[in-house]
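Data first, discussion second: the structure below is written as structure tokens.
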Amino acid sequence: MNKKQLQVDLDDVAIDRIIEMAWEDRTPFDAIQFQFGLAEADVKALMKKELKFSSYKLWRNRVENCKTKHLAKRVAGIDRFKCKLQRAITNNKISKRSSK
């Protein structure tokens, strides 16, 4: 994934939604790929580009230890991308993104 592709294909709302989905423990990378066409490596690159470095490190540690981010590691019986209790998306900007 190159920077030009991100700028052309993804607007700020889509980038914010991808970041939100990446932070959610129950949302697997497959859901992000299904919805936005970004593979796990692309999501990692996007997160590294968009987050502060300390936030990126926290996120990476969280993802590595989270069994629900990868479908192969999930417990049997979890067959949906979204929690039924998840609230509607408000399209608010993520407040702790690094400034450019």
Side-chain angles (χ1 to χ4, degrees):
M1 171 175 65
N2 59 35
K3 291 181 183 179
K4 286 183 182 178
Q5 179 185 2
L6 276 179
Q7 292 171 354
V8 172
D9 296 340
L10 300 173
D11 59 3
D12 287 340
V13 173
I15 291 171
D16 284 346
R17 180 63 184 131
I18 292 166
I19 292 170
E20 186 176 14
M21 290 174 76
W23 272 105
E24 293 169 351
D25 289 338
R26 291 183 59 105
T27 304
F29 288 111
D30 294 326
I32 298 171
Q33 185 167 15
F34 176 79
Q35 192 168 358
F36 295 98
L38 297 178
E40 181 177 345
D42 298 330
V43 174
K44 289 177 182 176
L46 176 80
M47 296 292 277
K48 190 171 189 177
K49 177 181 171 271
E50 295 292 326
L51 298 178
K52 295 185 296 185
F53 184 69
S54 60
S55 297
Y56 174 74
K57 283 177 40 178
L58 286 171
W59 175 76
R60 285 286 298 164
N61 287 334
R62 184 174 174 156
V63 166
E64 288 174 8
N65 296 315
C66 184
K67 294 180 181 178
T68 56
K69 289 304 280 184
H70 300 87
L71 288 180
K73 295 181 182 179
R74 279 187 152 192
V75 177
I78 299 176
D79 59 354
R80 61 188 179 278
F81 288 151
K82 183 178 117 175
C83 174
K84 63 184 175 183
L85 302 175
Q86 182 177 348
R87 294 184 180 157
I89 304 303
T90 61
N91 292 327
N92 290 334
K93 298 293 265 180
I94 294 174
S95 62
K96 296 195 177 194
R97 287 184 40 190
S98 61
S99 60
K100 303 264 186 306

At their closest point, which heavy atom of [X] faces which heavy atom of [Y], and how far apart are they?
X   : Y   : value
W59 : A22 : NE1-O, 2.9 Å
Y56 : K44 : CE1-O, 3.5 Å
T27 : M21 : CB-O, 3.5 Å
A14 : F36 : CB-CE2, 3.9 Å

From [X] [atom1] over to [Y] [atom2], what is the distance, rounded to the nearest 0.5 angstrom?
X   : Y   : atom1 : atom2 : value
L58 : W23 : CG    : CH2   : 5.5 Å
L51 : K57 : CG    : NZ    : 13.5 Å
M47 : I18 : CE    : CD1   : 10.0 Å
K49 : I15 : NZ    : CD1   : 5.5 Å

Checklist line | Partner set under side chain to side chain contact (heavy atoms under 4.5 Å, CB included) for Q33, not counting sequence neighbours | finding: D30, A39
Check: Is any side-chain heavy atom of I32 less than 4.5 Å from a side-chain heavy atom of E40?
Finding: no
Next item on the list: For the pair R17 and E24, evaluate salt bridge (Lys or Arg N to Asp or Glu O under 4.0 Å) and give the outcome as yes or no after the intermediate values.
Entry: CA-CA 11 Å; R17 180 63 184 131; E24 293 169 351; 3.6 Å; yes
